[in-house]
Amino acid sequence: MKITYTQNLYYFISLNFPNMTRFIFSLAWCFVLLLSASSLASAAIVEQTFNVENVTVQRLCSPQVITAVNGSLPGPTLYAREGDTVIIHLVNKSPYNMTIHWHGITQFLTPWADGPEYITQCPIPSGGKYTYKFNITGQEGTLWWHAHTSYLRATVHGAIIIKPRLGNSYPFPRVYQEVPILLGEWWSANVVEVERNATDTGNGPQESNATSINGFLGDLYNCTQDPLYTLRVKQGKTYLLRMINAALDEHHFFKIANHSFTVVALDAVYTDQYETDVIVLAPGQTADVLLKTNTAVGSYYMVATPYRSASVRSVNLTTRGVVVYDGASQTQTPIMPILPDSHDTPTAHKFYSNITGLTSGRFWVPVPRNVDERMFITIGIGLDQCINPGPGRCLAFKSRLSASMNNESFVLPQGRGASLMEAFYKNISGVYTKDFPDNPPFVFNYTDSDFSTLNGTAIAFAPKSTKVKTLKWNSTLEIVYQNTAILGTENHPMHIHGFNFHVLAQGFGNYNATRDEPKFNLVNPQLRNTIAVPVGGWAVLRFQANNPGVWFVHCHLETHLPWGLAMAFEVENGPTPETSVPPPPADLPKC
């Protein structure tokens with residue numbers, strides 16, 4: 001445990017002081033070693049068993065078999081403090097392959113525990129076991145865990161609550177109670193079959209049937225038996241809502257009638273306090289939000305309603321719970337908030353782009369100023385050749401739906417005998433190639449929605465591949481994500497495993513360096529692990545590649561991942577054992 005702790009403090013120093021000389025860094029490293037012994041007393045081991053199995057639950061007036069952890073939806077909340085070591089024994093009693101991803105945990109020197117199937121590990125087969133072990137250092141706030149296999153994250157997910165180390169406090173006023181709020185997406189169907197059907201036909205997947213708040217679907221659907229999630233509060237208190245968007249495909253607006261919020265963290269990184277009456281979360285994102293119960297005693301609906309940047313869904317998935325004050329009349333009808341329109345991009349963009357980082361917060365990382373590599377990455381939906389035409393198949397321009405980054409449509413290395421991580425560590429050839437491009441092969445009007453100009457061209461039909469981008473250890477990378485409109489515009493939440501990154505700027509239309517670089521926030525930008533790239537627009541991010549291993553990069557809209565909207569970074573080992581990938585665990589699943 002001492003080795004793990006000191007190695008992770010090394011990671012924190014390298015984040016904060018990327019330009020140290022070797023001499024100064026050596027002195028700092030010795031100082032860390034001296035501090036580590038006294039710090040170990042406040043660190044602990046958090047150990048749990050996750051039993052993954054199928055259970056039957058009642059939703060929308062019908063029984064439904066789902067895959068869940070320890071029989072609950074959401075699954076168990078993982079509580080830890082900064083500095084703790086987490087050990088999770090996963091026992092797969094389900095009929096499906098399984099992996100768990102610890103979304104947002106940086107996994108410094110524990111890449112084997114990151115979880116995405118065929119990227120850092122091969123899946124745990126039905127009847128199999130695997131122990132995830134990792135340290136939480138330099139992170140506080142709300143993250144989450146979820147299945148990284150098929151659509152199973154719809155029901156295999158839960159919260160990760162990281163509290164400050166004993167003796168440390170939050171950089172905001174003391175709260176009365178902390179409350180996890182997980183927004184989910186519900187299918188009255190087997191989600192594995194939903195994905196399989198979409199893959200077989202080449203079409204979009206069956207739409208979900210409902211939205212949930214902490215597993216409750218609420219009373220807005222055609223079933224009077226579904227209860228509302230109820231949060232009981234005392235007047236005059238401050239509550240910390242630990243919010244997670246665990247939905248597969250839906251962005252969400254979240255409001256509570258007659259109440260406002262103060263955002264204090266995003267993706268487990270402290271922010272300047274931001275006052276708002278609406279929270280906006282893309283799939284995969286989290287927020288720590290203060291709720292002050294300073295309104296008249298009564299009952300108030302909390303409502304989650306989708307933000308839909310693309311006009312492709314027809315089902316109304318608005319759901320609601322209720323906030324009930326102590327002493328409220330049981331006969332009072334709760335007050336409903338005024339909701340944004342489902343296509344209210346200005347409201348979503350204001351929330352996504354206006355919050356700034358808390359530079360005085362623990363573990364704040366200054367923006368790296370010297371950029372070693374730059375990438376311009378187009379992201380969007382396209383087409384693939386129809387391989388099995390027939391009734392009900394290939395409905396989009398007589399083609400299969402696909403997706404790509406820089407005109408490369410990613411394919412998991414299933415059936416190649418190793419994960420990307422194992423191939424990297426053992427230098428196995430034939431699993432992936434190292435030629436992911438820094439720029440798209442074509443320059444065009446990326447946000448032009450006139451598909452007639454692209455149909456049948458190489459722009460719309462991207463080749464399938466398993467390509468990674470190699471980064472030198474400790475180099476600084478700047479990425480421009482550019483949304484495309486080849487098959488319609490959409491807000492894409494892009495997640496990078498193994499890193500937090502600075503969001504320097506966001507905007508609409510085609511990115512223009514001359515116009516847009518002066519807008520970069522190099523002082524106090526957001527630090528995130530998932531960025532919602534604006535619909536028909538772009539986002540610029542920057543990070544230091546000081547975490548060796550292979551790290552998945554993908555859209556967190558689950559439908560887009562099987563289509564190929566992904567790639568990976570291969571970060572080379574550093575010069576010492578403390579900056580190199582360690583050997584794999586003995587129980588690592590085999591391919």
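Throughout, residue positions are numbered sequentially from 1 according to the sequence presented. These numbers come from the heavy atoms of this one structure, side chains and all, not from hydrogens, waters or symmetry mates.
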Original post:
Which word best sums up how the rings of His495 and His556 line up, parallel for under 30°, tilted for 30 to 60°, or perpendicular for over 60°?
Top reply: perpendicular
Original post:
Taking the inter-plane angle between the rings of His101 and His148 on a 0 to 90° scale, is it parallel (under 30°), tilted (30 to 60°) or perpendicular (over 60°)?
Top reply: perpendicular
Original post:
Looking only at heavy atoms, which two atoms of Pro493 and Ala282 are closest? And how far apart?
Top reply: CB-CB, 3.8 Å
Subject >> Mutual orientation of the aromatic rings belonging to Trp102 and Phe134 [parallel < 30°, tilted 30-60°, perpendicular > 60°] >> reply: tilted
**OP:** For Thr110 and Gln107, test the side chains for any donor-to-acceptor distance below 3.5 angstrom and give the result as yes or no.
**Re:** yes
Subject >> Worked check of ring pair (Phe, Tyr, Trp, His ring centres under 6.0 Å) between Trp364 and His502 >> reply: CA-CA 11 Å; Trp364 168 258; His502 294 93; 5.7 Å; yes
**OP:** May I ask you to decide if the ring planes of Trp538 and Tyr511 are parallel, tilted or perpendicular, using 30° and 60° as cut-offs?
**Re:** perpendicular
Subject >> Intermediate values then yes/no, side-chain hydrogen bond (donor to acceptor under 3.5 Å, both in side chains), Asp249 and Thr559 >> reply: CA-CA 7 Å; Asp249 287 304; Thr559 55; 3.1 Å; yes
**OP:** Look up atom CG in Leu281 and atom CD1 in Ile181, then write down how far apart they are to the nearest 0.5 Å.
**Re:** 11.5 Å
Original post:
At their closest point, which heavy atom of Ser126 faces which heavy atom of Pro95, and how far apart are they?
Top reply: OG-CA, 3.7 Å
Original post:
Under 3.5 Å, is there a donor-acceptor pair linking the side chains of His103 and Asn529?
Top reply: yes
Original post:
What is the distance from atom CD1 of Ile486 to atom CD1 of Ile381, rounded to the nearest 0.5 Å?
Top reply: 9.5 Å
Original post:
Should Glu373 and Lys472 count as an ion pair when the cut-off is N to O under 4.0 Å?
Top reply: no
Subject >> For the student: nearest non-hydrogen atoms of Val503 and Ile531, plus distance >> reply: CG1-CD1, 3.8 Å
Original post:
Can you find a pair of side-chain heavy atoms, one from Leu317 and one from Thr319, that are under 4.5 Å apart?
Top reply: no
**OP:** Please lay out, stage by stage, how Asn483 and Glu490 fare under the test side-chain hydrogen bond (donor to acceptor under 3.5 Å, both in side chains).
**Re:** CA-CA 8 Å; Asn483 259 319; Glu490 188 174 17; over 6 Å; no
**OP:** Using distance alone, with no hydrogens and no angle criterion, decide if Asn510 and Thr447 have a side-chain donor and acceptor under 3.5 Å apart.
**Re:** yes
**OP:** Please tell me if the side chains of Lys255 and Pro340 come closer than 4.5 Å, counting only heavy atoms from C-beta onward.
**Re:** yes
Original post:
Is Glu570 salt-bridged to Lys469, cutoff N-O under 4.0 Å?
Top reply: no
Subject >> Step-by-step ring pair (Phe, Tyr, Trp, His ring centres under 6.0 Å) determination, Phe508 to His349 >> reply: CA-CA 10 Å; Phe508 296 97; His349 185 67; 4.6 Å; yes
Subject >> Closest non-hydrogen atom pair, Ala247 against Asn245 >> reply: N-OD1, 3.0 Å
**OP:** Anything under 30° is parallel, anything over 60° is perpendicular, the rest tilted; go ahead and classify His146 against Trp144.
**Re:** tilted
Original post:
For Glu185 and Ser208, does a side-chain donor sit closer than 3.5 Å to a side-chain acceptor?
Top reply: yes
Original post:
Have Tyr307 and Thr345 got a donor and an acceptor in their side chains that come within less than 3.5 Å?
Top reply: yes
Original post:
Can you name the one residue among Glu117, Glu195, Glu558 that meets salt bridge (Lys or Arg N to Asp or Glu O under 4.0 Å) with Arg153?
Top reply: Glu558
Subject >> Distance-only donor-acceptor check, side chains Thr466 and Arg416, under 3.5 Å >> reply: yes
**OP:** Check the angle between the aromatic planes of Phe543 and Phe499 and answer parallel, tilted or perpendicular using the 30° and 60° thresholds.
**Re:** tilted
Subject >> Ser419 and Gln121: side chain donor to acceptor below 3.5 Å >> reply: no
Original post:
With a 3.5 Å cut-off and no angle check, do the side chains of Tyr270 and Glu140 form a donor-acceptor pair?
Top reply: yes
Subject >> Ile459 CD1 to Tyr446 OH distance, which is reported to the nearest 0.5 Å >> reply: 9.0 Å
**OP:** Classify the side-chain pair Thr155/Thr67 by whether it contains a donor and acceptor separated by less than 3.5 Å.
**Re:** no
Original post:
Just checking, is any N or O donor in the side chain of Asn97 or Thr149 under 3.5 Å from an acceptor N or O on the other one?
Top reply: no
Original post:
At what distance, to the nearest 0.5 angstrom, does NE2 of His251 lie from OG1 of Thr305?
Top reply: 13.5 Å
Subject >> From CA spacing to verdict: side-chain hydrogen bond (donor to acceptor under 3.5 Å, both in side chains), Ser409, Ser402 >> reply: CA-CA 7 Å; Ser409 187; Ser402 184; 3.2 Å; yes
Original post:
Should we say atom NZ of Lys464 is surrounded by more than 12 heavy atoms from elsewhere, each under 6.0 Å from it?
Top reply: yes
Subject >> Pair Phe552 and His554, ring centroids less than 6.0 Å apart >> reply: yes
**OP:** Specify the closest pair of heavy atoms between Pro562 and Tyr151, including all atoms of both residues, with the distance to one decimal.
**Re:** CG-CE1, 4.3 Å
Subject >> Rounded distance (nearest 0.5 Å) linking atom CG of Asn406 with atom OG of Ser465 >> reply: 10.5 Å
**OP:** Any chance you could measure Met494, atom CE, to Leu557, atom CG, to the nearest 0.5 Å?
**Re:** 9.5 Å
Subject >> Step-by-step ring pair (Phe, Tyr, Trp, His ring centres under 6.0 Å) determination, Tyr425 to Trp112 >> reply: CA-CA 11 Å; Tyr425 183 80; Trp112 305 104; 5.7 Å; yes
Original post:
Do the side chains of His492 and His560 get nearer than 4.5 Å, heavy atoms only?
Top reply: yes
Subject >> Atom of Pro76, atom of Phe50 and distance for their closest heavy-atom approach >> reply: CG-CE1, 3.8 Å
